[in-house]
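Working notes, structure below.
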Amino acid sequence: MSRYSWNPIHPTEMRTGTWAWLLHRISGLGLVFYLFLHIWVISSSTQGEAAFDRLLAALQTPLFVVLDLGLLAAVLFHGLNGIRIILFDVGVGVRPQKALFWGVMAFAVLVFLVASYVSLPLIFRA
Amino acid sequence: MKARFRIQRYDPEQDATPHLEDYEVDLHETDTVLDGIIKIKDELDGSLAFRRSCRSAICGSCAMRLNHRPALACKTQVSPLVTSAERILVEPLANMALIKDLIVDMEPFWGANEAISPWLAAPEAEVSLERESLMSPAQAMGIRETAQCIMCGLCYSYCPVVTTNPKFLGPATFVKAYRFIADPRERGKRERLRAVSGEDGLWRCHTIFNCSEVCPKHIQITWAIQQLKRMAYLDRLGLWRPQEAKGERR
């Protein structure tokens, strides 16, 4: 007799806490992936000045500025929600967890919008 | 008022897998989902199997999934659900093995609870059969919230950690542990804390808050779990003084 199963990350099952957990997990995995990419980019400096400059020039194209904004979104959410989780672990803010989640979201979106606005000239270069 | 139900049926002697069946009954506006299910059993299909007892949200027997959300059928009014175009979907609790129709095997839930010896540990000199063991009103306030648990199993059935690790002790067990650790009469606080802070204990909790969302007694279960985590790491550091552990008022 098997256990009656359900899918905790099906949208009809997900409440605020599950969304926070899932976004934290996805952004965390994304950041791990980015870390390796970052090490690979920096390590190209061992192949000489010209090679490193060429790579950095490619990374300043509009496409990579957009990707950088994605990175910023992941860092913002993961970092801010990380503070929310650390607060829980010292027993603070557990009851108002939903308000904290929306606070995290609001602050992350605000910073993201400001950063996106500042980045516009880098994306739409004449 | 016509109420349209869609109920999961499963007879282990005849069915290979569960299936859904539709029913329609006349209900009063003030009726609960449980009233509807009882009426279906009385008037339409006597073979429908489900647990119920008190019908007033104190026994916890009629825990089931209503429109994808674990709830007590006796504590859920039928009228707000009837207004929607969809049928009221009634399914058994998840995370436990299906026995028949809406009945699941709650043994893992009881087993987890048993692991922490869920009774007061106090020397006989302090507990008498002749009189009650008194607490001051202030002390009683400290465990008021967690002592409300009726052990219905809704939290256990909605915990994603239980889904992925059936050995996880589960939310209700932690609530029970907190209830005793915060009890001023309890003498086995350290043993109890260590019983819930092992490999399949507290630290597996991802603070997803599903348990707190569905508790019919509105216990902030995750809050109790986080208090226990704090006590557990203070204990590891040798900084926890059990007899000073009091329930905290909100």
Side-chain angles (χ1 to χ4, degrees), chain A residues 1-33 73-109, chain B residues 8 10 12 17-18 64-65 67-70 89 91-105 107-108 145 157-164 166 202-203 205-214 218-234 248 250:
Chain A
M1 190 166 48
S2 69
R3 294 196 307 151
Y4 181 64
S5 63
W6 64 306
N7 178 5
I9 51 169
H10 189 280
T12 57
E13 308 281 2
M14 287 170 70
R15 324 256 160 231
T16 318
T18 314
W19 281 109
W21 174 83
L22 189 65
L23 289 174
H24 200 78
R25 190 55 65 99
I26 291 170
S27 59
L29 289 173
L31 289 174
V32 168
F33 174 72
V75 168
L76 276 172
F77 179 78
H78 199 81
L80 291 167
N81 191 56
I83 294 172
R84 172 175 168 268
I85 295 170
I86 291 169
L87 286 177
F88 293 165
D89 279 344
V90 292
V92 174
V94 186
R95 289 178 192 273
Q97 61 103 359
K98 285 186 188 176
L100 272 182
F101 173 77
W102 291 113
V104 160
M105 279 306 220
F107 190 64
V109 167
Chain B
Q8 181 176 311
Y10 172 69
T17 51
M64 45 188 84
R65 282 166 65 83
N67 288 346
H68 299 290
R69 189 172 179 128
L89 181 64
E91 297 168 295
L93 292 182
N95 282 351
M96 285 167 278
L98 194 54
I99 295 177
K100 188 180 181 186
D101 294 342
L102 301 172
I103 297 177
V104 294
D105 177 13
E107 204 46 48
E145 184 179 17
S157 79
Y158 208 36
C159 175
V161 183
V162 173
T163 309
T164 52
L202 295 171
W203 307 108
C205 170
H206 283 296
T207 60
I208 282 174
F209 291 92
N210 270 8
C211 51
S212 309
E213 294 262 2
V214 294
H218 307 292
I219 303 170
Q220 289 290 316
I221 302 173
T222 316
W223 175 84
I225 295 174
Q226 295 306 102
Q227 300 303 313
L228 289 172
K229 282 183 186 170
R230 194 163 54 95
M231 293 176 196
Y233 67 65
L234 288 176
E248 282 135 283
R250 275 183 251 178

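Every chain is numbered from 1, with letters handed out A, B, ... down the list of sequences. This is a predicted model, so every value here is computed, not measured.
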- With a 4.5 angstrom heavy-atom cut-off, which part of Ser212(B) approaches chain A: side chain, backbone, both or neither? neither
- Quick one: what part of Trp6(A) sits under 4.5 Å from any heavy atom of chain B, side chain, backbone, both or neither? both
- With only heavy atoms counted, which part of Tyr158(B) is less than 4.5 Å from chain A, the side chain, the backbone, both or neither? both
- Query: Would you say Glu145(B)'s side chain and Gln220(B)'s backbone share a donor-acceptor pair under 3.5 angstrom?
  - Reply: yes
- Look up atom CG in Leu100(A) and atom CG in Leu80(A), then write down how far apart they are to the nearest 0.5 Å. 11.0 Å
- So which of Leu22(A), Thr12(A), Ile85(A) has the biggest tally of heavy-atom pairs under 4.5 Å with chain B? Thr12(A)
- Portion of Pro166(B) that has a non-hydrogen atom of chain A nearer than 4.5 angstrom: both
- Given a strict heavy-atom distance threshold of 4.5 Å, which part of Val161(B) is in contact with chain A: side chain, backbone, both, or neither? neither
- Message: Less than 4.5 Å to any heavy atom of chain A: does that hold for the side chain of Leu93(B), its backbone, both, or neither?
- Response: backbone
- Heavy-atom pairs under 4.5 Å with chain A are the metric here; pick the option from Glu91(B), Arg69(B), Arg65(B) that has the most. Arg69(B)
- Do the side chains of Thr164(B) and His206(B) get nearer than 4.5 Å, heavy atoms only? no
- Query: Relative to each other, are the rings of Phe209(B) and Phe88(A) parallel, tilted or perpendicular (30° and 60° limits)?
  - Reply: perpendicular
- Please list, chain by chain and in numerical order, all residues satisfying ring-ring contact (aromatic ring centres under 6.0 Å, His included) with Phe101(A), sequence neighbours excluded. none
- Is the closest side-chain heavy-atom distance between Thr222(B) and Gln97(A) below 4.5 Å? no
- Query: Could you go step by step and tell me if Asn95(B) and Thr163(B) meet the side chain to side chain donor-acceptor pair (under 3.5 Å) rule?
  - Reply: CA-CA 6 Å; Asn95(B) 282 351; Thr163(B) 309; 2.7 Å; yes
- When Met14(A), His10(A), His24(A), Lys98(A) are compared by non-hydrogen pairs under 4.5 Å with chain B, the top option: Lys98(A)
